[in-house]
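Okay, so here's the structure we're looking at.
As a basis for the values below, the full set of heavy atoms in this structure was taken, side chains included, without hydrogen atoms, waters or symmetry mates. Letters go in sequence order (proteins before strands), and every chain restarts at 1.
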2 protein chains.
Amino acid sequence: MSKHQKEITALKEHLGKHQLKCTRQRELILDAFLKQEHITAEAMYHQLAKKDPHLGLATIYRTLNLFCEAGLAQARHFGTQTQYDNVSHKGHHDHLICTDCGKIVEFENCDIERLQEEVAARNGFTIKTHRLELYGLCSRCRH
Amino acid sequence: MSKHQKEITALKEHLGKHQLKCTRQRELILDAFLKQEHITAEAMYHQLAKKDPHLGLATIYRTLNLFCEAGLAQARHFGTQTQYDNVSHKGHHDHLICTDCGKIVEFENCDIERLQEEVAARNGFTIKTHRLELYGLCSRCRH
DNA sequence: ATTGAAATTGATAAATCGTCTCAAAAAGAA
DNA sequence: TTCTTTTTGAGACGATTTATCAATTTCAAT
């Protein structure tokens with residue numbers, strides 16, 4: 001019994017609803033993905049090469065995008081690459097980023113999210129996702 | 001006397017500090033850039049083709065990146081392209097983005113920024129800049 | 001104003017990242 | 001098993017951005 005049974009079920013539900021099939025590759029990629037906070041397709045490609053040397057990069061991209069559609073992942077453009085965030089546990093994924101050493105701290109703040117909803121409503125928008133990144137210096141780099 | 005004298009001075013100061021030179025192209029691009037809220041390199045390329053048909057795309061990229069280093073612009077990856085935001089007027093630049101039609105609404109919210117400071121302080125960070133993007137559907141696309 | 005070292009430019013080649021194509025393979029219902 | 005549909009893997013492709021490099025421009029020192 002996997003630790004991530006809930007997410008596995010969620011994916012299968014999505015697959016069923018959309019006439020998609022449950023493949024070995026999708027299960028393999030999901031299993032690896034759920035162990036991460038966030039990962040790039042390229043990183044996952046190298047990571048999974050050990051388990052399945054023939055797993056194609058295109059399949060990883062396709063599958064991670066599938067996870068986004070299924071609501072398990074969320075794509076985020078960071079630098080030149082796309083990070084796929086694991087949002088199956090937390091609803092959102094905000095970041096504090098040290099511009100000096102690159103350290104990333106993740107946080108969540110309900111008050112900020114409530115205010116975001118207000119701003120959106122005031123402008124006639126319905127928010128689906130958001131992205132908040134705070135750039136600065138961590139305590140160590142400030143000195 | 002240009003409306004953007006402050007920014008022109010800021011750029012020249014940056015150039016001086018880094019042994020960079022003030023060229024006709026840089027002045028031309030700065031002038032065009034300061035009239036925008038945000039623009040892509042490609043869009044600026046086409047826009048400036050009228051004034052200088054020989055201005056190269058690479059120069060536009062180089063110069064917009066220079067503006068980022070000088071603190072006049074801020075790069076933001078949206079979809080497959082990079083938007084260069086004009087941050088010389090406002091300290092911050094937050095966006096409401098319609099994922100359907102691409103419409104972008106800019107906003108500012110002091111309460112959110114105050115909360116951001118709190119989160120940062122709690123984690124030992126000192127914020128220099130931030131990025132907040134809310135993705136969803138605008139009123140028109142919701143229907 | 002002229003000179004000369006250093007930076008910049010324009011044109012294009014190259015790199016990067018992600019998607020598309022398509023024949024072969026796999027899934028899964030009948 | 002059989003048949004239809006979906007998926008896969010490999011590489012081609014497309015879009016965006018950066019690197020290369022000879023020619024040009026800037027600008028400080030004559």
Considering all heavy atoms of both residues, which atom of [X] and which atom of [Y] are nearest to each other, and what is their separation?
X      : Y      : answer
B:F107 : B:L132 : CZ-CD2, 4.0 Å
A:I127 : A:A120 : CG1-CB, 3.4 Å
B:A41  : B:I60  : O-CG2, 3.8 Å
A:A70  : A:L11  : CB-CD1, 4.3 Å
A:C138 : A:C98  : N-SG, 3.4 Å

Can you pull out every ring pair (Phe, Tyr, Trp, His ring centres under 6.0 Å) where at least one residue sits in residues 15-53 of chain B? Sequence neighbours excluded, please.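 Qualifying pairs: B:H14-B:H18, B:F33-B:F67, B:H38-B:H95.
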
Near DNA chain C, under 4.0 Å by heavy atom, which residues of residues 17-28 of chain A?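 When residues 17-28 of chain A is checked for heavy atoms under 4.0 Å from DNA chain C, the hits, listed by number, are A:K21, A:C22.
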
I'd like to check the side-chain contact (heavy atoms from CB on, under 4.5 Å) partners of B:A49; sequence neighbours left out, ordered by chain and number.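 Result, side-chain contact (heavy atoms from CB on, under 4.5 Å) vs B:A49: none returned.
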
Can you sort out the partners of A:T82 under side-chain contact (heavy atoms from CB on, under 4.5 Å), two or more places apart, ordered by chain and number?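 Scan of A:T82 (side-chain contact (heavy atoms from CB on, under 4.5 Å), adjacent residues dropped) gives A:A75, A:H77, A:Y84.
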
Could you measure the distance from the CE atom of A:M44 to the OG1 atom of A:T63? Nearest 0.5 Å is fine.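 Taking CE in A:M44 and OG1 in A:T63, the distance rounds to 9.5 Å.
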
Would you compute the distance between atom NZ of A:K12 and atom CG of A:L20 and round it to the nearest 0.5 angstrom?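 CG of A:L20 is found 14.0 Å from NZ of A:K12.
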
Of all nucleotides in DNA chain D with an atom under 4.0 Å from a non-hydrogen atom of chain A, which is the first and which the last going 5' to 3'?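 Both ends considered, the range comes out as D:dT5 to D:dG11.
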
Given A:H4 and A:E7, is the side chain to side chain contact (heavy atoms under 4.5 Å, CB included) satisfied, shown in steps? CA-CA 5 Å; A:H4 304 295; A:E7 288 75 29; 3.5 Å; yes

Looking at DNA chain D, which of residues 40-60 of chain B put a heavy atom within less than 4.0 Å of it?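 Heavy-atom cutoff 4.0 Å gives B:A58.
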
Between the two ends of the helix from C:dA1-D:dT30 to C:dA30-D:dT1, what is the bend in degrees, rounded to 10 degrees, where each end axis spans five pairs?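 Inter-axis angle at the termini of the helix from C:dA1-D:dT30 to C:dA30-D:dT1: 30°.
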
List the residues meeting salt bridge (Lys or Arg N to Asp or Glu O under 4.0 Å) with A:R142, not counting sequence neighbours, and say none if there are none.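 Not a single residue meets the salt bridge (Lys or Arg N to Asp or Glu O under 4.0 Å) criterion with A:R142.
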
Mind checking salt bridge (Lys or Arg N to Asp or Glu O under 4.0 Å) for B:K21 and listing every partner two or more places apart, or none if nothing turns up?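 Residues passing salt bridge (Lys or Arg N to Asp or Glu O under 4.0 Å) with B:K21: none at all.
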
Sort and list the pairs that fulfil side chain to side chain donor-acceptor pair (under 3.5 Å) and have at least one residue in residues 50-62 of chain B, not counting sequence neighbours.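 Output for this query lists B:R24-B:D52, B:T59-B:R62.
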
Bounds of contact between DNA chain C and chain A, in 5' to 3' order, using a heavy-atom cut-off under 4.0 Å: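 Under 4.0 Å from chain A, the extent on DNA chain C is C:dC17 to C:dG28.
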
So, using side chain to side chain donor-acceptor pair (under 3.5 Å) as the criterion, who are the partners of B:R76 when residues are at least two apart?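 Scan of B:R76 (side chain to side chain donor-acceptor pair (under 3.5 Å), adjacent residues dropped) gives B:D85.
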
